[in-house]
Amino acid sequence: MPILPRTEFGNPILRREAKRVPEKFLKTKEFENLVRAMFQTCRMLGVGLAAPQIGVPLQLAVLEVPAGDGRSRDRGYPATVLVNPKIVAHSAKKVLGWEGCLSCPGMRGEVPRYAWVKVKYTNESGEEKTVTVRSFPAKVFQHEIDHLNGLVYIDRMKDFKKLITEKEYIRLMSR
Ligand code: ZN
């Protein structure tokens, strides 16, 4: 299966609130194929992918943080399908961390995010789930849920001097 083409910053679909996924869509072959293709693209290129990033205006995202990922000091996060997710509680404080986005290749930004979030969502089988996630996976959840609400990471940045190229990011990290 080929990697899905991505929409990039500037595409209006990334600036619109995505539509709720109807429950009946979860039982279709089309949904199954879409999720499979999204996971494949996500695993090839990063740790999370939201449907608007492949031109599908639905409240749907996939994420998976491999164990031993350098950005995550914990054991990673298992493959998860988020349907109609909502942040229902979060930490008082935010922490700064570097983020990139498949819709803005070659750039990184330092973004404040809640240290932990409690998220309610429906999974691919139609089951209601509530999870509390912290550290790097919490950032991934917040980044992907933002995409479903028409937000991208630069909207959360406080200091645009911390918007840098991938090349400079690698140089910074290797210091
Ligand atoms: Zn993104």
Side-chain angles (χ1 to χ4, degrees), residues 1-21 34-66 69-72 76-87 90 94-117 119 121 123-124 131 133-170 172-173:
M1 201 183 289
I3 294 180
L4 298 166
R6 275 89 56 212
T7 55
E8 296 190 351
F9 283 19
N11 191 309
I13 198 172
L14 291 173
R15 291 325 207 149
R16 284 190 213 117
E17 198 179 328
K19 294 187 197 77
R20 281 183 68 80
V21 178
L34 176 62
V35 166
R36 187 181 306 127
M38 283 176 72
F39 265 123
Q40 176 147 5
T41 301
C42 172
R43 285 173 180 139
M44 292 292 288
L45 302 174
V47 291
L49 182 71
Q53 293 184 276
I54 50 155
V56 177
L58 287 176
Q59 299 261 340
L60 167 68
V62 301
L63 58 90
E64 183 180 32
V65 180
D69 186 290
R71 292 164 289 187
S72 181
Y77 201 86
T80 301
V81 180
L82 300 175
V83 175
N84 304 327
K86 276 268 176 303
I87 294 173
H90 56 74
K94 289 184 175 179
V95 285
L96 281 171
W98 290 97
E99 291 182 25
C101 182
L102 301 184
S103 298
C104 186
M107 297 299 291
R108 297 278 174 152
E110 197 179 50
V111 185
R113 296 286 188 187
Y114 296 116
W116 62 263
V117 285
V119 177
Y121 66 97
N123 73 5
E124 67 277 24
V131 294
V133 283
R134 52 192 75 249
S135 78
F136 182 70
K139 273 185 223 176
V140 181
F141 270 74
Q142 289 170 81
H143 181 115
E144 300 312 327
I145 292 171
D146 268 358
H147 274 307
L148 306 181
N149 293 302
L151 295 171
V152 295
Y153 74 83
I154 51 169
D155 302 335
R156 302 287 188 188
M157 290 182 67
K158 297 288 180 232
D159 179 1
F160 289 102
K161 293 192 189 80
K162 300 290 175 67
L163 184 63
I164 66 177
T165 66
E166 185 83 23
K167 189 171 124 185
E168 293 297 338
Y169 173 76
I170 291 165
L172 186 69
M173 290 300 120

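Remember, it's 1-based here, ligands and their atoms both numbered in the order they're listed.
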Self-check item: CA sep, side-chain torsions, deciding dist, call: Gln53, Ser103, side-chain hydrogen bond (donor to acceptor under 3.5 Å, both in side chains)
Solution: CA-CA 6 Å; Gln53 293 184 276; Ser103 298; 2.9 Å; yes

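Counting only protein N, O or S atoms, 3 lie closer than 2.8 Å to the Zn ion (ligand 1).
Heavy atoms only, all atoms of each residue included: Gln59 and Glu17 are closest at NE2-CG, 4.2 Å. When all heavy atoms of Arg113 and His143 are compared, the closest pair comes out as NH2-CA, 3.6 Å.
Put simply, the side chain of Glu99 never gets that close to the backbone of Tyr153: no donor and acceptor are under 3.5 Å apart.
For an aromatic pair to be called close, the ring centres must be under 6.0 Å apart, and Phe136 with Tyr77 fails this.
The residue from Val81, Val83, Leu82, Ile87 that alone fulfils the side chain to side chain contact (heavy atoms under 4.5 Å, CB included) condition with Pro85 is Leu82.
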